[in-house]
Structures are given as structure tokens and as C-alpha cells.
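One structure is given here, and the rest of the page talks about it.
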Amino acid sequence: MGNIKDKVAVIGAGTSKFGENWDKSTDDMLAEAVYCALDDAGLKLSDIEAGWVGTVLGGYGGSILAEAIGWDLMPVTRVENNCASPLNAFQDAVFSVASGMYDVVLVAGVEKSKDTGTGALTFPYGFHPVYTYIQAPASYGMAAQSYFKKYGISMEEGKRTLAKIAVKNHHNGTMSPKAHFQRELTLERIMNAPIIGYPLGLFDCCPTTDGAAAAIICNAEIADKFRDDPVMVKALGLSVGKADIYMGKTPQADEFDYTLWNESVTASKQVYEQLGITNPREEIDVANVHDCFTISELIIYESLGFSPKGTAKQDVDDGFFTLEGGLPVNTDGGLKSFGHPIGASGLRMLTEIYTQIQGKAGPRQVKDAKLGLAHCQGGNPTGGFQAAIVALGAPE
Amino acid sequence: MAGICAYGVYIPFYRLALSSIAEATGGFAQDGEKAVANFDEDSITMAAEAALNCLNSNNGADRSDIEGLIFATTTSPFKEKQSAVIISTALDLPKEIQTMDSLGSLRAGTNALRAAHDAVKAGSAKKMMVTVADTRQAYPQSGLEGLFGDGAAALLLGDTDVAVEIEGSFSLANEISDLWRRDEDAFVHTWEDRFNLNAGYQDTMKTAFAKATEKFGISMEDVSRVIYYGPNERAHGAVAKAIGANKKQVQNPLYGAIGNAGTPSVFIQLAAALDTAQPGEKILMSTYGNGCDVFLLTVTDHINKVRNSVGAARQIKSKAILPNYHAFLNIRNLIDLEPNRQPDINTPASLLWREQEGIMRFKAGKCKECGNVQFPALPVCAKCTAQDVGEKIRLSDQEAEVYLSTVDTLGFGGEESPMWAIADMPVGLRIKLQITDCEDLGDVPTGTKLYPTFRKFQRHGDTPVYHWKLRLPR
């Protein structure tokens with residue numbers, strides 16, 4: 001594997017308002033996010049040479065982006081890789097710039113999740129009609145049971161630790177004006193919420209939300225032309241597991257006990273190799289990770305090497321991942337506060353890491369944030385994941 | 001002599017306490033219960049379960065010898081499309097097989113038995129499976145509602161290792177409109193009770209038993225058990241007297257336990273009888289429905305080798321009582337609930353045909369190179385990536401053990417179960433399946449034994465889908 005470090009810079013990023021955007025279409029939200037990113041970069045649409053759009057349910061083809069921003073006859077690529085779609089789109093855009101093909105390109109992601117008529121995230125196509133999948137909350141619920149059992153954690157203790165993650169993320173979300181939810185939640189309310197997928201309750205799950213996000217990237221050599229504080233792409237990781245329906249005891253499945261996300265482990269190893277780091281707990285300053293459920297975030301701490309296996313509970317109890325802790329995670333409130341418009345989430349995380357590294361995160365600002373990760377993880381524990389990670393950092 | 005080589009039975013897990021009908025609708029509260037098929041069951045799935053019970057509970061059944069399968073019911077889920085072939089596929093019987101549906105009257109089961117017996121006797125089939133099921137619907141709050149129960153039974157016929165010889169058969173046809181259900185009717189219609197029971201049922205049974213015993217050259221004293229259909233307990237009791245049978249001879253018709261199961265009723269009674277019958281016993285058995293089919297059966301020494309370990313008595317005891325009448329109306333699809341707003345998935349018929357080895361026969365693939373077992377069978381081994389996965393392994397007779405389970409409250413509703421299991425099977429497979437007939441939602445602990453069960457599996461749309469779930473041991 002090669003190394004992408006410092007070849008490409010992020011010079012603009014932004015998001016739409018996230019929420020139940022009943023009055024906004026896919027086009028409306030994409031345009032809002034793209035113009036937010038263009039304004040941040042101080043660029044016009046005519047400065048952009050090519051575009052990528054990540055979405056799962058958002059329609060067909062690159063025209064999703066072209067139509068939203070009135071962009072005709074341009075090279076636009078649509079990327080779908082489940083919840084990894086937005087960061088996967090970003091990575092492919094980075095490769096196009098690093099190859100020298102383009103100098104300045106646009107990456108956007110969008111999901112209109114609230115037009116389905118159901119409260120739950122809904123996938124109208126793409127799954128086997130008979131060998132059906134377990135909906136995500138129940139599937140992650142099994143992982144929580146397995147994790148608690150493996151590490152001798154009682155259901156009460158386990159639920160309390162998970163609730164602390166939700167408390168943290170909701171607290172951070174109060175400082176994010178574009179988040180779906182901007183309110184504190186108490187530990188008691190979280191722990192006593194109705195069960196969605198045993199043992200996960202309502203507030204262990206992220207909401208179903210509409211939103212879009214975008215970023216502008218350019219060749220690192222010309223980044224200074226656009227702004228004083230460009231942020232560098234430091235490393236990229238991508239790992240995809242086998243599909244949900246295939247439950248044969250593979251080498252992975254033999255040992256797979258739902259307590260570690262293997263795809264996130266391998267994607268992060270790729271990233272750490274490119275970064276040349278061996279102790280991410282100490283060397284990463286800030287991370288925004290895929291907290292679709294509180295248990296996902298708990299296991300992500302161990303999968304990304306932030307906590308040794310079996311110790312994430314202790315770290316949560318110690319406040320290690322809070323804004324004041326040793327490694328702040330989901331500083332903007334995460335999926336818990338922003339919700340999870342699938343095609344947008346990764347770029348929303350990336351926007352936060354970009355903002356943190358620029359030192360512009362206001363009340364959420366992590367001190368001396370020089371190196372940060374954005375991490376998306378699609379799929380669910382009873383099948384294959386799609387994990388994508390982007391490391392951003394300050395120029396050297 | 002040709003006869004019954006093995007037998008199986010299936011009583012669904014749920015019961016309606018007859019008192020809960022009166023609790024909801026007023027009127028006289030009856031004692032007893034009736035068996036109720038779950039929302040994901042129909043006559044096809046129950047007939048498949050009974051036949052699997054027959055194949056799995058006994059040593060003798062080599063599937064390759066079975067050259068015919070007859071499915072008998074008055075409640076075929078299809079007006080056009082053969083049900084028997086669905087069942088023979090679910091049982092993983094050979095493709096070179098005669099399949100047939102026997103329909104239209106409560107004699108459908110004995111019509112099938114006689115045809116199958118004749119086929120074996122004539123040497124045109126080595127073994128024949130007859131599987132009989134019903135899920136008859138009565139008008140809500142009608143007199144029949146408390147009577148009709150659901151159930152199934154199966155008999156494997158052959159001319160070697162015979163456990164029950166069929167010594168004779170006698171049939172009588174009788175044109176009468178006492179019970180009927182026209183093509184467009186959902187519920188059974190009847191004429192006046194007194195006409196039905198006196199001019200119809202009792203007179204016909206009396207004549208049939210008299211003529212049959214004469215034909216067989218026996219008297220009632222020669223038989224140890226008499227098994228026969230009865231529309232209800234009282235009429236059934238009255239017939240005993242009319243045909244000259246004493247109380248000791250009359251097999252318990254199981255009213256109050258499962259109800260009047262319709263076509264399979266006498267087969268379920270026979271299965272219960274064979275669990276305790278001794279070699280040498282003679283049994284008279286008759287159905288009723290536009291006439292009678294009477295059989296003279298003799299139990300042989302072989303019966304001790306094919307006793308059913310999960311027989312009628314055990315399945316009658318293994319049950320859950322529905323909480324109320326509403327729950328009964330709901331699982332029998334007699335009321336419209338708000339549909340789930342999940343998107344429609346109309347399963348392509350072409351996919352079901354293409355993947356029937358996995359979906360219907362429930363066969364996993366075993367890699368030729370590394371021996372890894374995987375379900376569904378893959379074009380490339382998930383473990384060693386060898387192409388061309390070879391041997392297929394049937395999973396319907398595998399015992400599964402729960403690794404993890406959970407409730408999915410966001411599930412698809414309707415015909416989808418909310419319980420899921422990740423379970424291990426002895427062939428070295430970890431599989432993800434729904435758990436059905438499960439009362440303790442959220443409490444199916446690791447290590448719990450579960451068994452595959454053939455169920456209706458229809459998300460939305462009109463394509464008929466049948467697949468496998470897991471259930472607790474009975």
C-alpha cells in the first residue's frame with residue numbers, strides 16, 4: 001500500500017441543517033451543503049472541475065448532484081457503499097486529485113431518510129427477499145449482549161455505560177447549531193427508555209434524519225492559494241466485509257463473537273500504517289466515529305485501538321472520550337445528535353474534524369487538535385461491515 | 001402385506017381457551033381448548049411438519065424410496081398451484097416422484113390413504129407418503145368456531161417393515177349438503193344441525209360400519225380400538241352406540257384438547273393410538289364426509305421400532321394459550337390491523353425457483369476443498385475461496401443451538417416474527433434465522449436447542465413464499 005499523506009488538502013467544508021427536514025428535498029439539502037462548502041472555501045462553482053456524490057437511497061446516477069446545483073455536462077460520480085458511501089466518495093475524489101487528473105473537486109453526500117413513512121431507517125431494495133436481514137437495532141443489541149457477557153458486565157452496568165456515551169454525545173450536540181437534537185439527556189431517562197432492540201433502548205439508537213454535507217479538496221501544493229488554514233488529508237482506510245446473508249463459518253465467523261468490528265480494525269490499521277503511528281490512543285487528538293448505536297461507539301473504541309480490548313467501559317466511566325478527556329470522540333454530538341442521513345454522515349464528521357484542526361470549533365474546540373479521524377461503518381454485526389476512515393491533520 | 005411403515009403428527013403450538021370466546025362475545029363459556037395454527041402456518045406447512053415428524057422420528061425412512069406424496073386437505077392455500085409438490089420439496093424428497101393433492105371433503109385424507117395403499121399394493125410405488133392437514137375457518141362467533149381446531153398427521157406406506165397392516169378398506173358415497181364451502185366462501189357453511197347429524201352423519205356411519213364389518217368378516221368384538229370422525233363430542237358419542245362400539249374401544253377424539261381437526265382428525269387419533277397400541281391389535285377406522293371410508297388395520301411387531309418420540313400426547317401438552325379472543329382473530333387473519341409501513345418486497349417467483357434448493361429444500365453447501373459448510377450455498381467458498389462448492393447438506397433435520405438471540409421491534413410485522421437467533425448446527429454451520437412460536441420474547445438464552453420448522457414466509461406482494469424458521473422443542 002502506498003501513502004496519500006499531505007498530497008491533497010481540504011479547503012472547504014459544510015453541511016445543511018440536519019433534522020426532520022419535511023420542507024426540504026434532496027436537491028435543497030445538497031445545494032445548501034455545497035454552497036456552504038463553497039462559501040467556506042471562497043470559491044465559485046465554476047472553479048470546480050469534477051464532483052462526487054455519496055448516497056444510498058438518493059436516486060440514481062451522478063445527476064443527483066448535477067441537478068441539485070444546476071451543473072451540466074460535468075464529470076460526476078455517484079458512490080454507494082452503504083454507510084461508508086460519503087467517506088468512500090471522498091477517498092475516490094482524493095485519488096483523482098492525487099493522480100493529477102484534477103486540481104479542485106467537490107464531494108457531497110445526502111440522504112432524504114424521512115420520506116418513507118416509517119420511523120425506522122428503511123431500505124426499499126437491495127436485500128435478499130427471503131434470507132432477510134435483522135434490522136440494525138436488534139443486530140447491534142445482540143452485540144451488546146455478547147460484549148457484556150464476554151467481559152463479565154451485568155446488564156445494569158452495561159446499560160449504564162452505554163447511557164454515558166449517549167449523555168456525552170447529546171451534551172456535545174448542544175453546541176452544534178446544525179444538529180438534529182440539541183438538548184441534554186439524563187442517564188436515567190436513557191436507561192429507562194423503551195427497548196428498540198434488546199437491550200438497546202430508544203436513546204441508544206441514533207435518530208432517522210435528513211441532511212447533506214460537502215467538502216472541497218485540492219492539490220496540496222496549491223492549497224495556500226485558497227486559504228491560510230488548509231487541512232491536509234493524512235491517510236485513508238477502507239475495508240469491506242462479506243454480505244449479510246452469508247453466515248457460513250468463515251475464518252472470520254469462527255472467532256467472530258460480535259465484540260470487535262473487524263472491518264474497522266483493518267481500515268484503521270491501514271490508516272495508522274500511513275500515518276506511521278503505533279499508539280492511536282496517545283497520538284490521535286480527536287475522532288468522530290460511527291455511533292449509530294451506543295454499543296457501536298463502545299466497540300469502535302476498541303476496534304480503532306483507542307482502548308485495549310475489554311477496557312472501553314473503564315475509559316467511558318473515566319470520561320476519557322469527553323471533550324475534556326484524553327481523546328475526545330464525537331465532539332459535535334455524533335450520529336446521536338445529528339442523526340444519520342447515510343450518504344451525508346461521513347462528510348458531516350469530516351467537516352467537524354476539519355473545523356477542529358483549524359481551531360474553529362468554538363465551545364467544542366479540543367485543545368491542540370492536530371490529527372483527527374472521521375470514521376463511518378455501514379452494515380451490521382450479523383453480517384459484513386463497510387468501514388471507511390479518513391485522517392485529517394494540520395500541514396507539517 | 002402393504003400398510004403403514006411410519007407415522008407422524010403435528011399439533012400447532014397455540015391454543016384458544018374456548019372460555020375466551022364467551023369472555024369477548026358473551027354467551028355460554030365452554031370448557032376446553034382448541035389448537036390454533038400460528039400466523040405463519042397453513043395446511044401446507046403443518047402437513048410438512050407432520051411428514052417431517054414421520055421421517056425424523058423413525059429409523060426406517062429412506063427418502064429415496066418414497067415414490068409418491070399425496071397431500072389431503074379441505075383448506076389448500078391454493079386454488080391453482082399444487083400444494084403436494086411444495087411439501088415434497090420441503091421434505092427434500094426425490095424429484096422423480098408422483099405428487100397429488102386430494103381435496104374437497106373431510107374424506108380427502110382417507111381417499112388419499114386408499115389411493116396410496118392401492119399404489120403400494122399394486123407395486124407402482126415402493127413407498128408413499130400421505131400427509132393430511134386442515135385449518136378450517138368458522139364464522140367468528142358461530143357455533144363451529146369453538147369446534148374447529150387445526151392440526152396435521154402423516155403416514156408412510158410401504159410393503160416392507162410394515163408396522164400397521166391395512167387388511168381391508170370399504171367406501172360409501174353419499175350425496176348430501178350438510179357441510180360445504182363454495183369457491184368464493186371463506187367460512188364453512190352448514191344446513192340445520194338435526195338434519196346434518198341424524199340424516200347425514202349418524203345414519204351414514206351406522207350403515208358404513210355395518211357393511212364394512214360384514215365385508216371384512218369381523219364383528220365389533222374383534223377389534224380393540226375404533227377410530228372415527230365426529231362433528232362434535234356429543235354426536236361422536238352417540239355414534240358409538242349406533243355402531244355397537246363400547247366406550248373402551250372408542251379412541252379419544254381429542255375434543256377439548258385440539259378440537260375437531262377436520263380432515264386429519266382420524267389420522268391424529270390414529271397416531272395417538274399407535275403410540276400405545278400393542279402388536280396384534282385390530283383397529284377399525286372411518287372418516288366421514290359425503291360418505292365414509294372404513295379401514296381395518298392390524299398392528300404388527302414392527303410398531304415397537306417406529307414409535308413416535310414426539311407424538312400426539314406430547315405435542316398436545318406442549319402449548320401456549322392465546323391471551324384472548326382478539327389474539328386468535330389476529331393470528332388467523334380474521335381482522336385487519338394497520339399494515340406496517342415498511343416498503344413492499346414482492347419476492348420474484350423466478351428467484352424462488354432458482355434458489356429452491358436453499359429456500360425450500362433448506363440445503364447448505366459443503367466446500368469440496370476445505371469442507372466448510374455454508375448457507376446458502378455459495379458459488380465460491382467463503383472460507384478458502386475454492387470455486388464450485390460440491391455436496392449439499394440438508395438442514396431440516398439439524399438441531400440448532402442458540403449462540404445469540406434478540407427481539408426486533410422494528411421488524412416487518414404481519415407474517416414476520418420479531419425474534420431472531422444466531423444459532424449453531426452440528427454440521428458446522430452458524431446460521432441466522434427467525435424464531436417462531438416463541439412466547440418469551442427476548443429470553444431465548446444461549447445454548448437453547450431449536451429445531452427447523454417450515455413456515456409461510458411472505459413479506460408483501462402475492463408470490464407464495466415458504467422458508468424455514470426455528471422453533472423450540474415440543
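Lettering follows sequence order; numbering is per chain, from 1.
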Partners of Leu337(B) by side chain to side chain contact (heavy atoms under 4.5 Å, CB included), sequence neighbours excluded?
Asn330(B), Ile335(B)
All side chain to side chain contact (heavy atoms under 4.5 Å, CB included) counterparts of Leu352(B), not counting sequence neighbours
Val130(A), Thr347(B), Ile359(B), Thr463(B), Val465(B)
Mind running side-chain contact (heavy atoms from CB on, under 4.5 Å) on His290(A) and Ser296(A) for me, showing each step along the way?
CA-CA 7 Å; His290(A) 199 85; Ser296(A) 341; 5.7 Å; no
Checking heavy-atom separations under 4.5 Å from chain B, one finds in residues 136-152 of chain A Pro137(A), Ala138(A), Met142(A), Gln145(A), Ser146(A), Lys149(A)
Closest approach of Tyr14(B) and Cys438(B), non-hydrogen atoms and distance?
OH-N, 3.8 Å
Looking at Lys449(B) and Glu401(B), is there a salt bridge between them, counting it only when a charged N and a carboxylate O are closer than 4.0 Å?
yes
Partners meeting ring-ring contact (aromatic ring centres under 6.0 Å, His included) with Phe454(B) (sequence neighbours left out)
Tyr466(B), Trp468(B)
